Amino acid sequence: MLPPALALVALVLGVVQPVFGLWPAPQSYSKGSSFLYLHHNIEITYNDEPVRWSSCPVRGSAPRILTSQQLPYTWGYTPRFPSSKELVQAGVSRALGSIFSDGFVPWMLRKRGQLYKFEPDLHQGQKWLQKLDIIQTTHDKPCTFKPLAGEVDEAYNLTISADGKAKLRAVSYVGVLHGLETFTQLFFQHSQGPFWYTPFAPVSIQDYPKFPHRGVLLDTSRHWFSVDDLKRTIDAMAWNKLNRLHVHATDSQSWPLVIPSMPELARKGAYSPDQTYSPDDIREIQQYGQHRGVEVYLEIDMPGHIGSVAESHPELIVAYDAQPYYWWCAQPPCGAFKLNNTKVDTFLDRLFADLLPRVAPYTAYHHTGGDELNANDSMLDEGIRSNDSAVLQPLLQKFIDGVHSRVRKAGLTPLTWEEIPLDWNVTMGKDVVVQTWLGADSVKTLTGMGHKIIDSDYNYWYLDCGRGQWLTFGNGEAFDSFFPFNDWCGPTKSWELIYSHDPTTDLTPDEAKLVLGGEVAVWTETIDPQTLDSIIWPRASAAGEALWSGRTDLSGANRSLVEAAPRLVEMRERMVVKGIRAAAITQQWCSMADNNNGTACEQRVM
Ligand SMILES: *[C@@H]1O[C@H](CO)[C@@H](O)[C@H](O)[C@H]1NC(C)=O
Ligand SMILES: *[C@@H]1O[C@H](CO)[C@@H](O)[C@H](O)[C@H]1NC(C)=O
Ligand SMILES: *[C@@H]1O[C@H](CO)[C@@H](O)[C@H](O)[C@H]1NC(C)=O
Ligand SMILES: *[C@@H]1O[C@H](CO)[C@@H](O)[C@H](O)[C@H]1NC(C)=O
Ligand SMILES: *[C@@H]1O[C@H](CO)[C@@H](O)[C@H](O)[C@H]1NC(C)=O
Ligand SMILES: *[C@@H]1O[C@H](CO)[C@@H](O)[C@H](O)[C@H]1NC(C)=O
Ligand SMILES: *[C@@H]1O[C@H](CO)[C@@H](O)[C@H](O)[C@H]1NC(C)=O
């Protein structure tokens, strides 16, 4: 929003102001309309002032007063270990590297041939941004690097004065990184030469997230994705201030996760020897996320959705690839753990003892799965031979208790899908975070029971929906009854629909407090590395803003799609120049028309 005085000036002079294209929208800001240029030799400092001691002491190390640290802008700097200064330096390096090397000349956001109206005149006096002072007001705690929801203060304030002094203040390194992402979004490259400018000086931004858990779920079992695919996704998440990557690592389709103490799991369960993740791969992905404020955690779905284990350990699994699949599970191939079998316990002891200590340095969470268990599976289990919930419920309770206690023993907090408490009445500790997907009623019931939740309501946040069937249909009855071959959760979730979702709708304030945030879900039946980017982006950005800025603005009004669209268009273009094959959300004419202020392609009630 222009301050009233500046808005008046703009009106009188007939100057068209560029859209303040920050994504996600900051909680509050003011901006001006003066140009400032950015140069490679900008002076950057980190913690010129004493750093305050934090309330949660870092064990075994004395408080250090960090003073006047110059951070040279270093191309492609990678930190060697998670020290706040190194993480911040890497963030500075990425931010400036992005401004100087992406070449983001925003011709596609302006009317044909009118870019010059928005760019500064290179022959007029140039004002330069001379200094960026970064102040982190507390030491990062060990938990800052692998936080539970709410353990990190992600807030930041960013100001740029008209005379060229920038200040970024944050409580944690993550807040600094968020502020640096916002900083990059203020700058454009000039079309007439190697000059970079912001048209918005002076700027003042105060910003913090509404929800602490803002994630993307990626299924790496139905299709496999390379380490680079995951890193690229983490990069784009960080630009959008998304902070959790939930890797749905295994399922009945394939087991890509290499477990060194049981190498047969991936050797026989992966789609191919190349389509695996070694312990080094997992560490690399988690570290990459940690450096960018994105916490990466894994899910090993169980006791259903685990058929691929039968490739190496058939004695542990029932109903593997049982047909017709729909009597035994939601989609082929079926396969579930035997629920009353000591060999399964032994297997889980080994699996968790191997995996969890390796992921625990980088995350506070492990997801234990628990969706879509079909009672019929245990009819095929020679140790049970029943599908009666009165028989199965106590076995499942014991199974889940065992799984959660293994996770806790590794120092991690369990997550579970909603069916475990809601369909199976399994009682669980209040530390367990429940992931909902079946809609608002589940959120209401679970928060009413006092459970913390993250929401992935499939009516809004399933990015795979609405793209048609992947099963095949023989001529005749099947063809006729499934024509025209829609999938189960269509139509496609547009960015507008994704943006409109608030998981706290209809909750009491006490219930709403238990909503930690949400995740968009990328189930990968028909998604592979070729299409991954365009499925996720920029639709995950829409959820990112709903989770960071809130569905409503500070006055309580719903955020406007007309206001959001041009900012999302700009964010999409910024992602594209950085190598993300993000989908277009509108035709190019709408991105360019009327300086992209949103109204040119606004649909009104007819
Ligand atoms: C940002 O500024 C506001 C208003 O002055 C202040 O209350 C808040 O503590 C500041 N946040 C940070 C991270 O410095
Ligand atoms: C269990 O199997 C029977 C057939 O034996 C089938 O009629 C029923 O629908 C199945 N139940 C579920 C939940 O799939
Ligand atoms: C579970 O296994 C135990 C030990 O083998 C057995 O005594 C019990 O009957 C089994 N429970 C069910 C429901 O089959
Ligand atoms: C249990 O199996 C019987 C016999 O196949 C079937 O009729 C019933 O629908 C099944 N119950 C469930 C919960 O699937
Ligand atoms: C769970 O509890 C509900 C309500 O008491 C009941 O209707 C349902 O059958 C129970 N489910 C299981 C699997 O025990
Ligand atoms: C916000 O939008 C939702 C639909 O997404 C609607 O139900 C609600 O009434 C709107 N709230 C306000 C304050 O306009
Ligand atoms: C958008 O641009 C058009 C043409 O420049 C102008 O008439 C309209 O008032 C602008 N709308 C807003 C909300 O700025």
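As the structure lists them, so they are numbered: ligands from 1, and atoms in each ligand from 1. Quick caveat: nothing in here was measured; it's all calculated off a predicted structure.
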> Can you pull the residues with any heavy atom under 4.0 Å from ligand 2?
Tyr326, Trp327, Asn374, Asn376
> Exactly one of Tyr462, Trp461, Trp495 should register a ring-ring contact (aromatic ring centres under 6.0 Å, His included) with His501. Which one does?
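Of the listed residues Tyr462, Trp461, Trp495, the ring-ring contact (aromatic ring centres under 6.0 Å, His included) partner of His501 is Trp461.
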> Between Phe483 and Phe473 (judged by ring centroids, cut-off 6.0 Å), do the two rings come close enough to count as a pair?
no
> Would you indicate whether the side-chain heavy atoms of Phe211 and Thr504 approach each other to under 4.5 Å?
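Yes, their side chains come closer than 4.5 Å.
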> Looking at ligand 6, is there an atom of it that comes within less than 4.0 Å of some heavy atom belonging to Arg551?
yes
> Please name the residue in the list Arg551, Arg559, Arg539, Glu545 that meets the side-chain hydrogen bond (donor to acceptor under 3.5 Å, both in side chains) test with Tyr499.
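That would be Glu545; it is the only one of Arg551, Arg559, Arg539, Glu545 passing the side-chain hydrogen bond (donor to acceptor under 3.5 Å, both in side chains) with Tyr499.
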> Using the ring centroid of each side chain, check whether Tyr458 and Trp488 are separated by less than 6.0 Å.
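Yes - the distance between ring centres of Tyr458 and Trp488 falls below the 6.0 Å cut-off.
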> Near Asn558, which atoms of ligand 6 are under 4.0 Å from a heavy atom of that residue?
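Going through ligand 6 atom by atom, the ones under 4.0 Å from Asn558 are 1 (C), 2 (O), 3 (C), 8 (C), 10 (C), 11 (N), 12 (C), 14 (O).
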> For this output row, return yes or no: ring centroids of Tyr297 and His366 closer than 6.0 angstrom.
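No, ring centres 6.0 Å or more apart.
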> Begin from the C-alpha positions of Val203 and Tyr29 and carry the test side chain to side chain contact (heavy atoms under 4.5 Å, CB included) through to its verdict.
CA-CA 7 Å; Val203 181; Tyr29 69 86; 5.8 Å; no
